[in-house]
Amino acid sequence: MFPVRSSTARACLLAALTVLTFEGGRAQTPAPETPPAPPVPPVPGQEGQRRPIPDDLLGDEHVREEFGVNQFTTPSIRKLFEMLDGLGKLSYDALKRPISRQTPSDRVLVSLGLGTLIADGFLIVQCEKVEAMEDVGRALIKYAKVLGTGSRMNRHTQSLFEHSIDGEWDKLRTELALTQADVEAEMVQLRDVDIAHLVSLGGWLRAFEIATRSVHDNYTPEKSLRLLRKDIAEYYLMSLEHLSPRLQANASLKALREGFQVLVPLMDLPQDQPMTQEQVKALSDQAAKLAGVVTGAMKS
């Protein structure tokens, strides 16, 4: 892969950056930046309800602690996407999806969708498709604005464009991780930790859809072993089952819980036993169905 450095690409992306920064600033006056408040602990009596986050999904602590994010919050979407590194070269044309200009009205779907967009950003970075960053950046601003973190997202979007113009892929990964951590910190301060979990869940759904599709299209027994992360699926299923009562009746979350109840048994295999291509297809079909709960709503 190669960084995009042509003067034409640079000029186009800088123009898009100017428009995005202006629109974001016009839509929401940035509040004075203040240090994040200490993380809010779980509601008394609920501390033991969530499963521990799998160790390899914990983000870089110096990044997340900077934003007041700690063990009360969520798996890192960056870590989720790093699981794809062993799958080889990803086909962006096969795995991309259209980014709609519409934003769901349901805050739950906005939260899930924001995580999905961050994962889309990681796919762009993984495939070094700088020209695709504009649509994702524009959507990130809209979704973050609905959640009340639009002013924070503006600065991240500017950095995303600057790093993509220069082909600085490692810095782009870090900036996307900071995007999640910043949203999490805001949700923690607002005592809305459930929303932070949903952002992470949306990221995992998209990453897992990409992983299963990629393995199915380029099957090898060794690659199939990377999909057997029942512990991650169980973590998210339990997180869904212990959301606050106000979210339990949400139709999309009900559909996700039911989908996870189908997904988990498909992953109930010995960790050292490769999946057959037929088993991978079944997993991929279910992953697409789960991700479609979110991405389908993002189109309407």
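The analysis underlying the following values was restricted to heavy atoms, covering all of them including side chains, and did not include hydrogens, waters or symmetry mates.
Under a 4.0 Å N-O distance rule, the pair E134/R138 qualifies as a salt bridge. Classification of D285 and K289 as a salt-bridged pair fails, no side-chain N sitting under 4.0 Å from a carboxylate O. A salt bridge links R78 with E82: at least one charged nitrogen is closer than 4.0 Å to a carboxylate oxygen. With respect to E278 and K281, no salt bridge is recorded, no charged nitrogen being found less than 4.0 Å from a carboxylate O.
In this structure, W204 has its ring center under 6.0 Å from that of F260.
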Exercise for the section: Run the numbers on H197 and H242 for side chain to side chain contact (heavy atoms under 4.5 Å, CB included), then give the verdict. Expected result: CA-CA 11 Å; H197 279 280; H242 291 97; over 6 Å; no
Exercise for the section: List the steps and the verdict of side chain to side chain contact (heavy atoms under 4.5 Å, CB included) for L240 and L247. Expected result: CA-CA 9 Å; L240 285 167; L247 296 178; over 6 Å; no
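At a cut-off of 3.5 Å, with distance as the only test, a side-chain donor of S200 or Y236 sits close to an acceptor on the other residue.
For the residue pair K299 and Q102, the shortest heavy atom distance occurs at O-CG, 4.3 Å. L109 and S252 make their closest contact through CD2-OG, 3.5 Å (heavy atoms, listed as atom of the first residue, atom of the second, distance). For the pair F208 and L227, the tightest heavy-atom approach, listed with the atom from each and the gap, is CE1-O, 3.9 Å. Closest non-hydrogen pair, A287 versus T212, comes out as CB-OG1, 3.6 Å. Of all the heavy atoms in V280 and S224, the pair that sits closest is CG2-CB, 4.0 Å. Of all heavy-atom pairs between L147 and S111, the closest is CD2-OG, 3.6 Å.
Using modelled atom types, no side-chain atom of Q180 and backbone atom of V199 make a donor-acceptor pair closer than 3.5 Å. Remark: the backbone N or O of L243 is not paired with any side-chain donor or acceptor of D194 at under 3.5 angstrom. One N or O on the side chain of Q279 and one on the backbone of T276 form a donor-acceptor pair closer than 3.5 Å. Checked by atom type and distance alone, the side chain of T295 pairs as donor or acceptor with a backbone atom of A291 at under 3.5 Å. Checked by atom type and distance alone, the side chain of Q126 never pairs as donor or acceptor with a backbone atom of L90 at under 3.5 Å. In terms of modelled atom types and a separation under 3.5 Å, the side chain of R257 and the main chain of Q248 share a donor-acceptor contact.
When the side-chain contact (heavy atoms from CB on, under 4.5 Å) test is applied to V262, the partners found at least two apart in sequence or on another chain are Q286.
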